[in-house]
Amino acid sequence: IDGITLSAGLHLGSFGLMEDHPRFRDALLGIIVSSPRALQLFLRKNAKLRRLPDYIIVEGPLAGGHLGFGMDWAQYDLRAIVAEVLQMLKTEALDIPVIAAGGIFTGSDAAAFLEQGAAGVQVATRFTVTRECGLPYKVKQEYYKASEEDIEVNTLSPTGYPMRMLK
């Protein structure tokens, strides 16, 4: 394994759990955050390890699956969050690549994030219907048939946190 992206939570202690592994300083380690505040908490908690993440995925409110937001998710904008994270990193003189994710639908969307200063974009939902994706054929057909009205944010997750999914 060349790298690991820690997701589904803030992982304040995860770097500490890996610290004794011989590849802790060699493997790429990335984190997912939904705000500059979450990033600041992570960096502060892990400062004593002298190990920064190799990349940061900033996931916005239009991401699929679990969201890093409450039911007020619609009040947030990925472009604004990415700008805040980039500014925070600049202020702290930290050179960590930022990858924008969640709600990137077109090449123009991707280009706009790159022009804004993101090092890359993460696109997932668009690829759920590809041959390479392991979803069953019937599920892929539901994606094809879905319209915007078929997408909902609910708290059906066992975690109790809001998640975006097809109805």
Side-chain angles (χ1 to χ4, degrees), residues 1-15 17-18 27-39 41-42 53-86 88-89 96-167:
I1 296 173
D2 294 324
I4 300 170
T5 300
L6 302 173
S7 62
L10 194 48
H11 293 279
L12 294 177
S14 294
F15 274 26
L17 293 173
M18 295 184 270
L28 296 173
L29 298 176
I31 61 169
I32 297 176
V33 298
S34 57
S35 70
R37 182 176 179 272
L39 177 57
L41 287 170
F42 180 88
D54 294 291
Y55 56 93
I56 300 162
I57 298 174
V58 176
E59 198 169 74
L62 297 180
H66 287 102
L67 306 179
F69 304 90
M71 289 306 284
D72 62 347
W73 61 270
Q75 297 175 23
Y76 296 90
D77 175 68
L78 178 60
R79 288 191 206 297
I81 300 166
V82 167
E84 292 169 3
V85 167
L86 288 169
M88 188 202 100
L89 291 171
I96 305 171
V98 170
I99 300 167
I104 300 167
F105 299 108
T106 67
S108 296
D109 292 341
F113 282 105
L114 296 176
E115 289 170 3
Q116 182 181 2
V121 297
Q122 175 180 289
V123 181
T125 303
R126 293 287 185 233
F127 297 103
T128 57
V129 295
T130 63
R131 182 178 305 129
E132 295 81 5
C133 180
L135 284 176
Y137 177 80
K138 288 182 179 182
V139 174
K140 291 179 184 182
Q141 294 309 303
E142 294 302 317
Y143 274 88
Y144 279 120
K145 293 187 295 187
S147 66
E148 195 167 338
E149 293 77 35
D150 295 317
I151 301 168
E152 71 177 6
V153 174
N154 61 45
T155 55
L156 296 176
S157 167
T159 66
Y161 290 104
M163 60 186 284
R164 172 172 280 98
M165 60 189 280
L166 290 178
K167 291 179 184 175

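Heads up: numbering here begins at 1 and tracks the sequence.
Residues passing the side-chain contact (heavy atoms from CB on, under 4.5 Å) test with L41, sequence neighbours excluded: L10, L12, R37, R44. Residues satisfying the ring-ring contact (aromatic ring centres under 6.0 Å, His included) criterion with F42, sequence neighbours excluded, are F15. Taking K167 as the reference, nothing meets the side chain to side chain donor-acceptor pair (under 3.5 Å) condition, with sequence neighbours excluded. D77 meets the side-chain contact (heavy atoms from CB on, under 4.5 Å) test with R79, A80; sequence neighbours excluded. By the side chain to side chain donor-acceptor pair (under 3.5 Å) test, E115 pairs with no residue at all, sequence neighbours left out. With sequence neighbours excluded, the residues satisfying side-chain contact (heavy atoms from CB on, under 4.5 Å) with D72 are Q75, Y76. Take S108 and apply the side-chain contact (heavy atoms from CB on, under 4.5 Å) test, not counting sequence neighbours, and it matches T106. Checked against salt bridge (charged side-chain N to carboxylate O under 4.0 Å, His left out), D150 has no partners two or more places apart in sequence or in another chain. Annotation: side chain to side chain donor-acceptor pair (under 3.5 Å) contacts of Q116 (sequence neighbours excluded): none. With sequence neighbours excluded, no residue satisfies side chain to side chain donor-acceptor pair (under 3.5 Å) with E84.
Within the structure, salt bridge (Lys or Arg N to Asp or Glu O under 4.0 Å) contacts touching residues 128-142 (residues at least two apart or in different chains) are E142-K145. Sorted by first and then second residue, the side chain to side chain donor-acceptor pair (under 3.5 Å) pairs involving residues 119-128 (not counting sequence neighbours) form an empty list.
Shown are M165, M71, R164; of these, the side chain to side chain contact (heavy atoms under 4.5 Å, CB included) with N154 is made only by M165.
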